[in-house]
Engineer: 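Okay, handing you the structure first.
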Amino acid sequence: MKVSHHISDINFIEDRMILSVDEREITVEIAEISEKLLAASDMERSIYKISPSGYGIHWPLIDEDLSVDKLMKDKL
């Protein structure tokens with residue numbers, strides 16, 4: 001399966017998520033993408049798994065899945 005994006009890191013600053021994707025930084029307002037992530041603690045946000053294909057991110061402690069393509073829409 002072809003990898004869609006190479007995510008090297010995810011950080012959170014206040015109510016924003018900063019994705020390091022394909023050697024670029026993409027900033028997303030958490031309130032626009034996920035109520036679960038917005039309500040999550042720093043520890044819950046810090047534990048995530050990027051799918052091997054690069055298409056999704058999963059946060060197991062809050063049972064949240066997000067599409068990388070959706071997060072990056074209009075950002076590239």
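All heavy atoms count here, side chains included; hydrogens, waters and symmetry mates do not.
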Engineer: Taking the side chain as everything from C-beta on, heavy atoms only, tell me whether M17 gets closer than 4.5 Å to I26.
Structural biologist: no
Engineer: Do the side chains of K70 and I33 get nearer than 4.5 Å, heavy atoms only?
Structural biologist: no
Engineer: With no hydrogens and no angle check, is any side-chain donor or acceptor of E32 less than 3.5 Å from a backbone partner on E29?
Structural biologist: no
Engineer: Locate the shortest heavy-atom distance separating D63 from K36; write the atom from each residue and the value.
Structural biologist: O-NZ, 2.9 Å
Engineer: Could you tell me if the side chain of Y48 sits less than 4.5 Å from the side chain of I57, heavy atoms only?
Structural biologist: yes
Engineer: Would a hydrophobic clustering, with Ile, Leu, Val, Met, Phe, Trp and Tyr connected at side-chain separations under 4.5 Å, put F12 with I7?
Structural biologist: yes
Engineer: Check A40 against R45 and note the closest heavy-atom contact, atom names and distance.
Structural biologist: O-NE, 3.6 Å
Engineer: Between M43 and L61, does a side-chain contact (heavy atoms from CB on, under 4.5 Å) hold up when you go through it step by step?
Structural biologist: CA-CA 9 Å; M43 191 266 310; L61 299 178; 3.7 Å; yes
Engineer: To the nearest 0.5 Å, tell me how far I30 CD1 sits from I13 CD1.
Structural biologist: 10.0 Å
Engineer: Without swapping roles, check the side chain of H58 against the backbone of E64 for a donor-acceptor pair under 3.5 Å.
Structural biologist: yes
Engineer: Is it possible for you to say whether L38 and W59 belong to one hydrophobic cluster, with membership spreading through side-chain heavy-atom contacts below 4.5 Å?
Structural biologist: yes
Engineer: Taking all atoms of both residues into account, what is the closest heavy-atom pair of L37 and I62, and its distance?
Structural biologist: CD2-CD1, 3.7 Å
Engineer: Side chains of N11 and D9, heavy atoms from C-beta outward: is any pair under 4.5 Å?
Structural biologist: yes
Engineer: Should I47 and I10 be counted in the same cluster of Ile, Leu, Val, Met, Phe, Trp and Tyr side chains packed under 4.5 Å apart?
Structural biologist: no
